[in-house]
**Student:** 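Before anything else, here's the structure in question.
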Amino acid sequence: MEHKLYIYNTLSRKKEQFIPIHEPHVGLYVCGPTVYGDGHLGHARPAITFDILFRYLMHLGYKVRYVRNITDVGHLENDADSGEDKIAKKARLDELEPMEVVQYYTNRYHKAMEALNVLPPSIEPHASGHIMEQIEFTQKILDAGYAYVSEGSVYFDVEKYNKAHHYGKLSGRNIDDMLETTRNLDGQSEKRRSVDFALWKKASPEHIMRWNAPWSEGFPGWHMECSAMGTKYLGEEFDIHGGGMDLMFPHHECEIAQSCAALGKDTVKYWMHNNMITINGQKMGKSLGNFITLEQFFTGNHQLLSKAFSPMTIRFFILQAHYRSTVDFSSEALEASEKGLERLMEGYARLQKITALESSSVEVDGLRKKCEEALSDDLNTPMVISALFESLKAINMIHDGKETICAADLEELKAVFKLYIEDLLGLKMSIESASGTEPYQKAIDLLLNIRLEAKKNKDWATSDKIRNELTALGFEIKDTKDGFEWKL
RNA sequence: GGUACUUUGGCCGAGUGGCUAGGCACCGGUCUGCAAAACCGUAUACGGCGGUUCGAAUCCGCCAAGUACCUCCA
């Protein structure tokens, strides 16, 4: 690869040059959703962030295998000892089979992702479909001596692991602090230490989702699925593991410990974490109950939303901030993004209509380089967008006849805009352009042509009436030099 | 309590030891019968106090405010 990509590795807390383990192949694993409820804005962030990475790696010529899991078992509601499985709880409340819950929300998640123009991953494994792998993985850890069986459940022996390796190296904490802060929570536990976590849980009698294992009839611990499925599809060592920052501890820390204990080596080379979306400065999340679902954004059906926002607006809004920064949601911020996106896309459409002249009065060369440098510098999408907006000015000036562009420059500009807007940032033209059937469109055109005639005759009363009434119906009428344009 | 991070103009949000980020809003202009839309343009900034430096919003220290993780969370 002639171009160098730098990504921030949470492990080293530095930007590092990305060098694949087995070029040209790249293995990418990202923690997907637990499908017990509708996806919210927070789910869109990692999906979009790693969608950009996925697209960019492919653009650079790598053969990428992108694995994003669906968690449908083992993710508990509260403390590992007493919590109820999230899926099972939802199923009980809705009187459904757990797998009905899983299917329903998985479908809805897919629909939302498609609307956001997030490419499907190469493999989307379900935890429930990989119970055997998880049992085997657990057995490996037991064989290695880093786990113990207690009352039919299997727990990871964190203290023992920590003697040989550093438990806490990803999140930057040490075991003594953790033992201190968690000591009080520990009462009736079957665990030796409060920091130990479950690899396999024996199912209580009322627990529906259960499988046979050497230790008991039960289900796998939450962290186990990613270790088992990640290594199954990407190998014992793979390139990039991503997810939300809130998963850093304990989820990813446990994953590192599990994989290292079972395989005797570190599995992941680069750890990447996207930051959180906040609302009034506070993290948006299920536990805080302050989340807005993606569907609510698309329909505008939420008290904090001034109106509906298109999936592309959401995508653009997220891309306008760097993935490692928190981004604060507000209706105003989204409206600003919406307008900005519209301007960008209209400029992009305008670019297609520009005719080339003999020579260029504008500079086109720098854009591709700027975008490339920005994206390869730890996915700096805000910089890419900024560069595009700067070129947008030139496009508009050319359109107005104030600047000129030659054929070669025009081709380059079109190519770069397409590459970055469509292929890499994944922004699509708004769907609104296709409004109504042909007879319907012709009827509107007819009305506006009548208005045009009225204008020629200086019959302002008729002209304004048509304009005002159409506006009242929700049409946007634009007068141009030689006619009109309209949209809903 | 422990650990980490953040603090940029009216709002959102990049960046960086010296050169305009960008978007939205505002204001001014072009266009228009008037508007709207569109387009162009100007302005406004780097939490506070010290230090390093020829020079810091950018590095260091202290202080303040806020957030996250330490329990489920993308």
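As a basis for the values below, the full set of heavy atoms in this structure was taken, side chains included, without hydrogen atoms, waters or symmetry mates. Here is how names work: the chains are called A, B, and so on, in the same order as the sequence lines, proteins then strands, and each is numbered from 1.
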**Student:** Between B:C40 atom P and A:Leu392 atom CG, what is the distance in whole Å?
**Tutor:** 7 Å
**Student:** Looking across every strand, which nucleic acid part, if any, lies under 4.0 Å from A:Lys283 by heavy atom: base, sugar-phosphate, or nothing?
**Tutor:** base
**Student:** What contact category does A:Val327 fall into here, base, sugar-phosphate, or nothing, at under 4.0 angstrom with non-hydrogen atoms?
**Tutor:** sugar-phosphate
**Student:** Between B:G23 and A:Phe389, is there a base-stacking contact, meaning the centre of the base's six-membered ring lies under 5.5 Å from the residue's ring centre while the planes stay under 30° apart?
**Tutor:** no
**Student:** Within this structure, what is the CZ-to-P distance between A:Phe291 and B:A74, rounded to whole angstrom?
**Tutor:** 10 Å
**Student:** For A:Trp222 and B:U71, give me the distance from atom CH2 to atom P, rounded to whole Å.
**Tutor:** 12 Å
**Student:** Using a heavy-atom cut-off of 4.0 Å across all strands, would you classify A:Met245 as base, sugar-phosphate, or nothing?
**Tutor:** nothing
**Student:** How long is the line joining CD of A:Glu403 and P of B:C40, in whole Å?
**Tutor:** 11 Å
**Student:** Rounding to an integer number of angstrom, what distance separates B:U53 and B:U58 when you compare their P atoms?
**Tutor:** 16 Å
**Student:** Between A:Asn275 and B:A68, is there a side-chain N or O to OP1/OP2 distance below 4.0 Å?
**Tutor:** no
**Student:** Once you round it to whole Å, what is the distance between C1' of B:A38 and NZ of A:Lys478?
**Tutor:** 6 Å
**Student:** B:A35 base to A:Arg467 side chain: any donor-acceptor pair below 3.5 Å?
**Tutor:** yes
**Student:** Just call it for A:Gly42: base, sugar-phosphate, or nothing, with non-hydrogen atoms closer than 4.0 Å on any strand.
**Tutor:** base
